[in-house]
Structures are given as structure tokens and as C-alpha cells.
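One structure is given below, encoded as C-alpha cells.
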Amino acid sequence: MQLNSNIPEGDIQDKWDKHRFELKLVNPANKRKYTIIVVGTGLAGASAASSLAESGYNVKIFCIQDSPRRAHSIAAQGGINAAKNYPNDGDSIWRLFYDTVKGGDFRARESNVYRLAQISNNIIDHCVAQGVPFARDYGGLLANRSFGGAQVSRTFYARGQTGQQLLLGAYSSLSRQIALSKVKIFTRRELLDIVLINDQARGIIVRNLVSGEIESHDAHAVVLASGGYGNVFFLSTNAMNSNVSAAWNAYKKGALFANPCFTQIHPTCIPVHGTSQSKLTLMSESLRNDGRVWVPKDQGETRRPEDIPESERDYYLEEKYPSFGNLVPRDVASRNAKEKCDEGKGVGSTKLAVYLDFQDAIKRDGIDTIKKKYGNLFQMYDQITGEDPYKTPMMIYPAVHYTMGGLWVDYNLMSTIPGLFVTGEANFSDHGANRLGASALMQGLADGYFIIPYTIGGYLASRNFNEINADHQEFKDSKMKTIEKIQTLLKVNGKRTVDDIHKELGKIMWEYCGMARNEEGLNKALNLIPSLRQEFWENIKIPGNESDFNQSLEKAIRLADFLELSELMVHDALLREESCGGHFREEHQTVENEAKRDDENFCHVTAWQYNGRDNKPSNHIEPLFFENVKLSQRSYK
Ligand SMILES: Cc1cc2nc3c(=O)[nH]c(=O)nc-3n(C[C@H](O)[C@H](O)[C@H](O)COP(=O)(O)OP(=O)(O)OC[C@H]3O[C@@H](n4cnc5c(N)ncnc54)[C@H](O)[C@@H]3O)c2cc1C
């Protein structure tokens, strides 16, 4: 298959303008004739749905939660990037573009990243107009702070609740359209299949999570904004019901899945503390603005951190990366934390933690300033661990946080299925092999508010559509297949719970396809996953039935997909014989243990094609060209 990324010709600065001009338009009277399905009400979905409806399309929007406001985006803490250069510290669209390409270890598409940097400024204006209460400085101007991988302050924030505030903004736009009947909302629905008619995406099959009913919904195009799949690791910072099922069903219907092994491990999470835990908590990256990361210089240290003198502390990030210090990108910070723990210098009861210390910042700026900046995060830490971070350093350790992989999309954000668009974390996105902090919210909102409304119009205006509805045979077949799958699952009536098997999968993935990977471990995972999948289909126990509210069934359906995705992730990690960003192959590292890319053989996106249940997927390549940023070994020293 030849992948056509549809990157417009011309200088990088002009591509998006030129493309918008060249895209066909749908006239306002005709927009009323089209219906678009949006799956997901997080920042990517809510922004897309409200913008599409505002411009005249009819929209049907779906989510798992009882309210759009509970989408996982609400959890985002630290902030959103934009190249406004308000602090006058040297930022520009070009610098944001450059930092993002470099931060992603040169595995993202230049044209998309440049567009993202251009649009970043519009997002802030748009959200301010909606009333999003971004932090302001004493004079009333919008304040900024720094995030990893950047030497400028470009992150806009609303204390530690940026995602929530942005989501309330998007939700208010969405609510306006719901009230105008331009958006019809379907909460408590889970997508279980995508319906193609004449090879075009024309609808979806969903399960009503309250009544169990299987419903069919038709449309002229479908937008998937269904979030990331970090929960394949069981333990992650993602919301409990974040899943891969929407993207996975699209993959099985012909959409290619790109770079599935690119997972982000976030360096500052509250460490795992037991075997019955089902969720990990993030401590925002913004804390690294003021917090200093350290471990004791000696192995096996048992004193409390306050009792360890300065001379016996190893501020390893500041030492090793003097230019970026504690604000190195996430992949670099995570790997270094692991290295220190592997050396036996980890702290806490499990020895799998490092300190994040605010004493110097408190002495310098005063406790009130620190409270203002991070109050709610400190409170959250205190509530979870019972330790007061104003007095004693936080303990942190890396955890799964974000997935850079996802459905392959072209410059128009359309997958390889005509009419199936993918936005936000669900697409393989603009972040390459490592996402910089505060760039996911930027990307989701760029996709939804500013890109999709144009590119979907270009698609609709250049196609002829047969009149179809949900009585079409394809809908009936798809519905039947979905019902059969659910009944098969319920009939197993085995002995193991869904969480039990999911935990086992998570352990395999973390151990062999986590922060560090090698050929031997990946091959081991390739043996373990199929047998665990078989165990699932032979020994799963799902209490209750299908025609009721049944969370075990919901989780089992998601796990069935994770058990397939995990194998693809391992294949992808095995094939990519290089280290880049969050994908660290132990065989490929520099003498200083940094990721060693192989640009000659791997400067590309790997996009996987489903070939049926019993066949191996095939891989396709989209070469990446760096014409504006020079390919170089990443350095944060
Ligand atoms: C703890 C935490 C903090 C973060 N902080 C930041 C930050 O400060 N800055 C930043 O830039 N990024 C941050 N991120 C990342 C960022 O929050 C996410 O990448 C982003 O919010 C994803 O948005 P989304 O709209 O793509 O998906 P989501 O917000 O995950 O929304 C997915 C939507 O799809 C729906 N859905 C999913 N599957 C189905 C299905 N099968 N059927 C129907 N509906 C479905 C869900 O119900 C939901 O409405 C953080 C992430 C975490 C975990």
C-alpha cells in the first residue's frame, strides 16, 4: 500500500494557508444536509463537534461517561503550549516547531508540527474568549511557565487543572450547539464497530451501557476522538475507562495503525505501592519548574531525606544536563530515574522512587508563592501518600502516561479509510517518538477547533454520497457480529476476573515493552501474549448479562482488544531496531546511555495493516523528510 500523506507543496510557513485555500468548500446551505459522527467528548472531540455544528453541520456525539465533562481530558493538570512569546524570552512559532520536532526525536511529520505551532496561538485566543480562566500575572496578563524540552516559558495554565478548565470551555460551546439542536448527544454509549459502505465510513455500532441495547447510527463521515491506549499496561495515569476499542475496530476495518510501540513514560508519578492498585497518579511536569530531582549518592541509604546533607545528594539531572537541568524531556528524565534505581540508589520502601524536592524553592520564593502555583497538586500528593510535600520531598517514579502511536492519518487527519477522521490522542499525531509536556492539549484543540472543520469540508465537497440509513445490510451485519461477540464472551463462564487477566497483561507489557526493551524480552512477550489471550477466551468470568448495566462486560470487551493491540505493539518495538524518544531498545544506546537513532534505516513512520485474525499484520512505511530542521543527535546538555 502506498501511503499518501497529502502534504501540500510549498514553503512550510505557507502550506496550511495554501491548503485551506485549495480545499473545496461546502456552502452553508449544503452543510445542513450532512451529518457527522464524533466519537469522544474530550478536548479533541468536544472542540471538533462544537466547531462543526457552529459552522452548520449536523453532529452526533458519543461518549462512555454520563457527561462529556468527565472525559479523560479533565485530568490534564499542567498546561497547554503556545508560541505567544508573552514573557519575551525568545519564543516563536519556529522555536515551538523546532522544539517539538527535536523533542519527538525526529520521528514526526514536519508539515504537521509546523501547522500545530502556527495554530497554537489561535487556541489561546479562542479559549480566552470562551472564558477559560488561565493564570494571570500581577498586571493581568496571561502568565506562563516552563515545561520539559524547552528553554522558554510558553505553557499557559489554570493552576493544576488546565484540562478541566479547557474542557469546560469546549463543553460550553458544545452545550450551545446541543441547545440549538445542531448537536445530538449520546452519553453512556461505547463504540463497538465502524460501518463501511462502499469502502467509506458511514456509521457506527454502539452499546448503550445502561440498557445494553446495541444501536446503529449513520452519518456522512465519522471522527474518532477516542483518546489514548495507555491502559494496555493496566497501570497508567489514564482514566480507568480509556481504551483502544474504537481505534482497534477501525484498524480491523482497514485503517492503518501507526507506531503502536511509541509510549510515553512520564517521570513524575506517585510510585506503585501495592498489588491491589488499579490506577497511577500523575504529579504534573510543571512541578519540575521548581522541584529539584535527586537521589542519595550512596546505595541503600536509609535516612529520611531531610537528614541527608547536600554533599551526599546526587542532583543527577542538573549535573548531567546543565542547560535543561530538571526540565529535560520526559523520556530523558524517566530513563535517568530508572538508571539511578537500577544502580540501587532508589528511595522509599520499594526502592523504585527518586525525590522531587521543593525546599530550595520554598526558601527562595516563600511558601505562599509555591502554594499559589501548585497548591492543589501538593494537596493531592498529601492525601494519597500521607506525606506533606511542603516539609518533605515528594517521591516519584516513571509511569505510563500517553501514547504517541495511534491510527495513521494524512495531513487532513483522515485515516486510510475514506471518511474516517481521527483527532487528538487517538491519532498517531504530531509528537513523534516522545511528546513534550503541554503539547497534547494543544494538539487535541488544534485538531478539533482549527483543522477538522476545514478538512472534513474538503472531503464532503469532493464526494458523492448514496442515501443510506441504519437499515442498510452492512449495519445489520455489523450489529449481528457485535452481538455474537458479546454472547461468546458471556458464555465462557470461566474462573478468572477481567482485572486479573488485565493485570497479567500489564506486567508483561511493562516488563518487556515498557521503559526499556530488548530483542530477547520482546520475543518472550510474543510468546506470552497469545497464550494469555487464549486463557482470556477460555477462562474469563463475566458476571451478569448483556441487557443491563454491566461493567465487567464493558471491561472484558476492552480487554479483548488490548490483548490484540499488545501483540502489535511488541511487533512494532521488535521491528524498530533503534532507540528513539520513548522507544528505548537497550541494544541501541550511546556510551552515555542515551537513545541512539538509526536515521538511515528508521527515519519513517511504521503503519500496520490488519490481515485477519490468523495472519500476521503487514507493515507499511511513510518516509519522514527533514528539510527545515536538521537531523541531529538530540542533546539537552
Ligand atoms: C493525569 C494526566 C495529566 C495530563 N496533563 C496534561 C497537560 O497538562 N497538558 C497536556 O498537554 N496534556 C496532558 N495530558 C494528556 C492529555 O490530557 C490527553 O492526551 C488529552 O486530554 C486527550 O484528549 P482526547 O480528547 O484526545 O481524548 P480523551 O480526553 O481521552 O477523551 C476520549 C473520549 O472518547 C470517548 N471514548 C473512548 N472510547 C470510546 C468508545 N469506544 N466509544 C465511545 N466513546 C469512547 C471517551 O468517553 C471520551 O469522551 C495529561 C494526561 C494525563 C493522564
Side-chain angles (χ1 to χ4, degrees), residues 37-49 61-82 120 123 145 147 155-167 170-171 185-194 204-207 209 223-231 236-239 241-250 264 266 268-270 279-286 330 377 380 399-404 406 422-427 429 431 435-445 447-448 554 557-558 561:
I37 282 176
V38 177
V39 180
T41 59
L43 286 172
S47 57
I61 190 164
F62 296 79
C63 69
I64 291 173
Q65 294 81 0
D66 59 344
S67 158
R69 289 178 323 231
R70 287 195 226 280
H72 159 66
S73 290
I74 198 176
Q77 302 172 346
I80 173 167
N81 286 331
S120 66
I123 298 172
R145 57 188 174 196
F147 263 57
T155 305
F156 294 77
Y157 62 100
R159 292 187 71 186
Q161 311 167 336
T162 316
Q164 180 178 13
Q165 299 305 330
L166 291 170
L167 194 58
Y171 174 68
I185 179 140
F186 298 86
T187 57
R188 288 290 196 193
R189 305 296 204 287
E190 182 145 4
L191 183 152
L192 296 183
D193 204 10
I194 294 182
I204 60 174
I205 304 293
V206 297
R207 177 167 181 269
L209 299 178
V223 179
L224 288 190
S226 48
Y229 52 85
N231 282 349
S236 89
T237 62
N238 285 197
N241 53 25
S242 293
N243 68 90
V244 75
S245 294
W248 196 249
N249 280 293
Q264 175 158 91
H266 196 298
T268 56
C269 302
I270 298 183
K279 169 97 189 64
L280 292 177
T281 307
L282 174 78
M283 287 285 105
S284 168
E285 178 162 316
S286 60
R330 292 173 178 179
L377 299 172
M380 192 162 86
V400 172
H401 179 66
Y402 182 89
T403 42
M404 282 79 66
V422 192
T423 63
E425 194 173 337
N427 72 26
S429 92
H431 311 292
R435 174 174 72 76
L436 289 185
S439 287
L441 304 184
M442 171 173 72
Q443 181 228 330
L445 291 180
D447 289 358
E554 287 169 30
I557 295 171
R558 291 173 203 153
D561 295 330

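Atoms within each ligand, like the ligands themselves, are counted from 1 in listed order.
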Atom 20 (C) of ligand 1: which of S73, A247, P68 has the nearest heavy atom?
S73

So does M283 get a backbone contact from the side chain of T268, meaning a donor-acceptor N/O pair under 3.5 Å?
yes

From atom 52 (C) of ligand 1, work out which of Q264, E285, R70, H401 has a heavy atom at the shortest distance.
H401

Number the atoms of ligand 1 from 1 as they appear, then name those within less than 4.0 Å of a heavy atom of S439, with their elements.
11 (O)

Contact between ligand 1 and G163 is defined here as a heavy atom of the residue under 4.0 Å from a ligand atom; is it met?
no

Would you call the rings of H266 and H401 parallel, tilted or perpendicular, taking 30° and 60° as the class edges?
perpendicular

Specify side chain, backbone, both or neither for S242, according to which of its non-hydrogen atoms lie closer than 4.0 Å to ligand 1.
neither

Touching ligand 1 at all, Q443? Heavy atoms, strictly under 4.0 Å?
no

Please work out, at 4.0 Å between heavy atoms, whether the side chain, the backbone, both, or neither of N243 comes within that distance of ligand 1.
side chain

Identify which of A399, G227, G444 has a heavy atom lying nearest to atom 27 (O) of ligand 1.
G227

Report the part of L191 (side chain from C-beta onward, or backbone N, CA, C, O) that has a heavy atom under 4.0 Å from ligand 1; answer both or neither where that applies.
both

Tell me the contacting part of R189 for ligand 1: side chain, backbone, both, or neither, using a 4.0 Å heavy-atom threshold, strictly below.
backbone

Have a look at ligand 1 and work out which part of R435, if any, has a heavy atom under 4.0 Å from it: side chain, backbone, both or neither.
side chain

Taking the side chain from T162 and the backbone from Q77, do they hold a donor-acceptor pair closer than 3.5 Å?
yes

Heavy-atom distance to atom 22 (C) of ligand 1: which of R558, H431, E425 wins?
E425

Would you indicate which of G40, S429, S245, S47 comes nearest to atom 34 (O) of ligand 1 when only heavy atoms are counted?
G40

Could a heavy atom of A225 be found less than 4.0 Å from some atom of ligand 1?
yes

Report yes or no: does I80 have a heavy atom closer than 4.0 Å to ligand 1?
no

Expected output: side-chain T423 to main-chain G448 donor-acceptor under 3.5 Å:
no

I need the atoms of ligand 1 closer than 4.0 Å to a non-hydrogen atom of Y402, numbered in the order shown.
19 (O)

Under 4.0 Å, counting heavy atoms only: does T162 come that close to any atom of ligand 1?
no

At what distance is the nearest protein heavy atom to atom 11 (O) of ligand 1, and which residue and atom is it?
L441 N, 2.8 Å

Measure from the side-chain N and O atoms of R207 to the backbone N and O of E554, and report whether any donor-acceptor pair falls under 3.5 Å.
no

S286 contact mode with ligand 1 (heavy-atom cut-off under 4.0 Å)
neither

Numbering as shown, the atoms of ligand 1 that approach G424 to under 4.0 Å (heavy-atom distance):
26 (O)

